[in-house]
Amino acid sequence: MRTRLFFVRHGDSLHKREGVIGGQKGCRGLTGIGREQAAQLGARIAAEIAGDKASIYSSPLPRAVETAAAISTACGLPAAQDCGLCTWHTPPEADGLTHAEFARRFDIEGGGIYRPFQQGNETWAEMVTRTSRTIVDLAHRHRGETVVLVGHAETVEISFNALGLLPVYRSFDLEVSPTSLTEWVTDQDPTQWPPPRWTLVRFNEIPPQDA
């Protein structure tokens, strides 16, 4: 039994270029470059998973949905959405604000792992728990199969908590590039207890022409 999880960060996005909080309102999808990146990645993933029983999931935010759609088209597979793969669940009234305005209006003192940095925002620990639960649930649901999870930089980072069993607070940072590919694999049953041993096959891999 081999279970493969491919983690993908969305392509170059308009909200990132504009410097705004990218919720459902603030996110306007991918840039032209982002769409090209997503198409290239889709072709690459299609070649890699050919013959596998595979599924595709994405965050419901437009930039992730667009990226997943390109992969879906290339692979001939449907893409489902799961909010567990979202980035920060910021308060709705912050959606679309610049980061500076978000900080000015919502920042609170004493933020950290278990207390939010902004009023109404998730804590890091809450997002790690939410996303880890989703990752593990999908691995359970599709054990022995291949799953492509299209999300955000934080989704890829949290794979180290969910599958590598790192503590909530890491002693190092991770850089996750647009449409990069990170792969975790296990030959053990994802539903077993104690948890299976996962192998990080690659992290933040980008085709040479896109680097």
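Values reported hereafter were calculated over all heavy atoms of this structure, with side chains retained and with hydrogens, waters and symmetry mates removed. It should be emphasised that the depicted structure is a prediction, and the values quoted were computed from it without experimental measurement.
Across all non-hydrogen atoms, the minimal contact from Asp95 to Ile21 is OD1-O, 3.3 Å. In this structure, Ile49 and Cys75 approach most closely via the heavy-atom pair CD1-SG, 3.9 Å. When every heavy atom of Ala79 is checked against every heavy atom of Ser72, the shortest pair comes out as N-OG, 4.0 Å. Considering all non-hydrogen atoms of both residues, Thr186 and Pro196 come closest at OG1-CB, 3.8 Å. Across all their heavy atoms, Glu145 and Ser55 have their closest contact at OE1-OG, 4.3 Å. Considering all non-hydrogen atoms of both residues, Ala68 and Ile56 come closest at CB-CG2, 4.3 Å.
Counting only residues at least two apart or in different chains, side chain to side chain donor-acceptor pair (under 3.5 Å) contacts with residues 164-173 comprise Glu157-Arg170.
Side-chain contact between Asn161 and Thr131: absent, with no pair of heavy atoms (C-beta onward) separated by less than 4.5 Å. Trp184 is not listed as a side-chain neighbour of Leu149, based on a closest heavy-atom distance of 4.5 Å or more. Using a 4.5 Å cut-off on side-chain heavy atoms (C-beta onward), Arg63 and Thr87 make contact.
In this structure His142 satisfies the ring-ring contact (aromatic ring centres under 6.0 Å, His included) test together with Tyr57, sequence neighbours excluded.
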Trace of the side-chain contact (heavy atoms from CB on, under 4.5 Å) decision for Leu14 with Leu30: CA-CA 6 Å; Leu14 289 165; Leu30 301 178; over 6 Å; no
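Between His152 and His10, the angle of the ring planes goes over 60°, which puts this pair in the perpendicular group of the 30/60° scheme.
Rounding to the nearest 0.5 Å gives a distance of 10.5 Å between CD of Glu18 and OG1 of Thr31. One distance of note links CZ of Arg202 with CZ of Phe7; it measures 13.0 Å at 0.5 Å rounding. The distance from atom CZ of Phe6 to atom CD of Glu183, rounded to the nearest 0.5 Å, is 4.0 Å. We find the CD-CG distance between Glu66 and Leu61 to be 12.0 Å, quoted to the nearest 0.5 Å. Phe117 CZ to Thr123 OG1: the interatomic distance, rounded to the nearest 0.5 Å, is 9.5 Å. One finds the CG atom of Leu174 at 11.0 Å from the CD atom of Glu154 (value rounded to the nearest 0.5 Å).
When the shell of 6.0 Å around CD of Glu101 is examined, it contains more than 12 heavy atoms from other residues, nucleotides or ligands.
In this structure, a donor-acceptor pair under 3.5 Å is present between the side chains of Asn121 and Gln118.
A salt bridge links Arg133 with Asp137: the closest approach of a Lys/Arg side-chain nitrogen to an acidic carboxylate oxygen falls below 4.0 angstrom.
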